[in-house]
Number of protein chains: 2
Amino acid sequence: MICNKTSNQVACSACNLRELCMPVGLQSDELERIDGLVSTRRRLRRRETLFHNGEKFSALFAIRSGTFKTRVASEDGRDQVTGFQMAGEILGLDGIVSDQYSCDAVALEDAQVCVIPFDRVETLSREVPALQRHVHQIMSREIVRDHGVMLLLGSMRAEERLAVFLLNLLQRLHARGFSRSEVLLRMSREEIGSYLGLKLETVSRTLSKFMEDGILDVQQRQLRVLDEQALHRMVNS
Amino acid sequence: MICNKTSNQVACSACNLRELCMPVGLQSDELERIDGLVSTRRRLRRRETLFHNGEKFSALFAIRSGTFKTRVASEDGRDQVTGFQMAGEILGLDGIVSDQYSCDAVALEDAQVCVIPFDRVETLSREVPALQRHVHQIMSREIVRDHGVMLLLGSMRAEERLAVFLLNLLQRLHARGFSRSEVLLRMSREEIGSYLGLKLETVSRTLSKFMEDGILDVQQRQLRVLDEQALHRMVNS
DNA sequence: CGGCTGTTTGAGTGTACTCAATGAACGTGG
DNA sequence: CCACGTTCATTGAGTACACTCAAACAGCCG
């Protein structure tokens, strides 16, 4: 009986995320060469951690499905959500520098990831310049994103932070084929608050205010944007 | 008459920053191979910008001397200092992803940088795995650093932020052979405030409070730490 | 010296926080 | 399937920290 771990694998070249994920921008011949990048898949249930702070680094993870949060902890127990990640995005870049992950990655819903051993990334990107370039871009993108979050945390008020957060979330979902105006939030008020540097009560109050103003319709975690322009105006004024 | 741009160049292999900068961890034979990385040097005067947001990306910059700040701007004019960089640190990583720099890098004092054309980095790191690894680590380090700043901005109070800032600054200066307790601040209160998500008055008041408490001695930009343990306690409690 | 930039300090305000109670949704087990 | 406990969300009341506005002061350079 032929049956192995990889029997249900989908090659990068055949993955429906190839326009979004590692293979972005690669030629078809290059695409085939990176099919060997993914060693295995891994399934996670809600609340399971993909890796945690201090764990030995060995691989990056490409999200196939589901949503994650990453968080860092301070010595005295406080923690900070550093991002929410969705299909096609890469987790684990923080682990490269010290050979151990420096944050926790937690699934916010049942999820599946592609395991990409980092030594394969290094080997292959020496041979495939387009992959090398792509890896550099992924890391650079993360740096630019982080700088945007710093701007948000350092200089914006609660309403602006939430507006930026929602617009960003919707834009990324839209890029994945979902509605531009409707979203089922995978994260709690507390997690949103942690990400935005606010307390959960402030997140809740601000959402309520947006509802009063006719900008949003929020029913628990089901959220609909009624006036996207109003959100944009919040950010640019 | 023989006289060219590179006459006063110092090779990476001979640079006194080699324990701190790009060549970190390379073997001597590898070291020689990366001597070609630096195309030129560039001198900057105080307040000069090394690159600015939107400018075409072509090179990374290794700081040889002097201190820089990087800042990002929001659409409505506010800006946020995203970091202060000193000798041996690398500027320009944000430019890789979109082929243009996404922030401004400004010299806080007269400075000198090594210009490292990025295509050379990519070419050479395909041939020298240790360099490839090093580039990945530099980018990963920046990501981890940014996450730390997010933790600071998202969850710490003014006194803690300033304590973290000072400890980090002193630790980096110490690694460069300077005093662990004394520093001439190269940045204004406003710049510190922008970095820490505080107003300049709050920075000033908090420094004054640290003086009253006997933790610091501050005379304008000349700062001396009298009680380093007290600063550490601020952070961990 | 005057003008300028940067810093300090004060007074009053406001935004987001803490503490607290209520209510809604969800999952588990009887 | 319903009852229960638990988690999560909302809303209120009062507070605190950092903000704004303002004035005075120090240091620096031409």
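Everything numeric here is computed off the predicted structure, so don't read it as measured data. The basis for the numbers below is simple: all heavy atoms, side chains too, and nothing from hydrogens, waters or symmetry mates. In what follows, chains are A, B, ... by sequence order, proteins preceding strands, each numbered from 1.
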B:E48/B:R42 ion pair, N-O < 4.0 Å: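 No.
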Gap between atoms [atom1] and [atom2], on [X] and [N] respectively (whole Å):
X      : N      : atom1 : atom2 : result
A:Q219 : C:dG23 : CD    : C1'   : 14 Å
A:I192 : D:dT10 : CD1   : P     : 9 Å
A:E212 : D:dT11 : CD    : P     : 8 Å
A:R157 : C:dC17 : CZ    : P     : 13 Å
A:K209 : C:dT15 : NZ    : C1'   : 13 Å
A:L207 : D:dC8  : CG    : C1'   : 13 Å
B:L200 : C:dG6  : CG    : P     : 10 Å
A:R161 : C:dA16 : CZ    : C1'   : 9 Å

A:Q85-A:T70 side chain donor-acceptor pair, cut-off 3.5 Å: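 Their side chains do contain a donor-acceptor pair, which is all the 3.5 Å distance test asks for.
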A:E159 versus A:T206, side-chain donor and acceptor atoms under 3.5 Å: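 Absent: no donor and acceptor within the cut-off.
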Most 5' of A:G197 and B:M187 on DNA chain C, judged by nearest nucleotide: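 The residue closer to the strand's 5' end, by nearest nucleotide, is B:M187.
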A:F61 and A:F68 aromatic centres sub-6.0 Å: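 Between A:F61 and A:F68, the centre distance exceeds or equals 6.0 Å.
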What nitrogen or oxygen pairs link the protein and nucleotides 20-27 of chain D at under 3.5 Å?
unit_1 : atom_1 : unit_2 : atom_2 : d
D:dT20 : O4     : B:R205 : NH2    : 3.1
D:dC21 : N4     : B:E201 : OE2    : 3.2

Sugar-phosphate only, base, or nothing, as touched by A:S188 at under 4.0 Å among non-hydrogen atoms: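 Sugar-phosphate, no base atom in range.
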Sugar-phosphate only, base, or nothing, as touched by A:R46 at under 4.0 Å among non-hydrogen atoms: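 The answer is nothing, as A:R46 stays clear of every strand by at least 4.0 Å.
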Under 4.0 angstrom between B:S208 side-chain N/O and C:dT9 OP1 or OP2: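 Yes.
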Any A:R221 side-chain nitrogen or oxygen under 4.0 Å from OP1 or OP2 of C:dA25: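 No, no such contact exists.
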Aromatic plane relationship, B:Y101 with B:F51 - under 30° parallel, 30 to 60° tilted, over 60° perpendicular: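 B:F51 and B:Y101: parallel rings.
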Smallest separation among heavy atoms of A:E228 and A:R180, with atom names: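 Minimum heavy-atom contact is OE1-CD, 3.3 Å.
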Neighbour count above 12 (heavy atom, 6.0 Å) for B:E190 CD: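 Counting other residues, nucleotides and ligands, CD of B:E190 stays at 12 neighbours or fewer.
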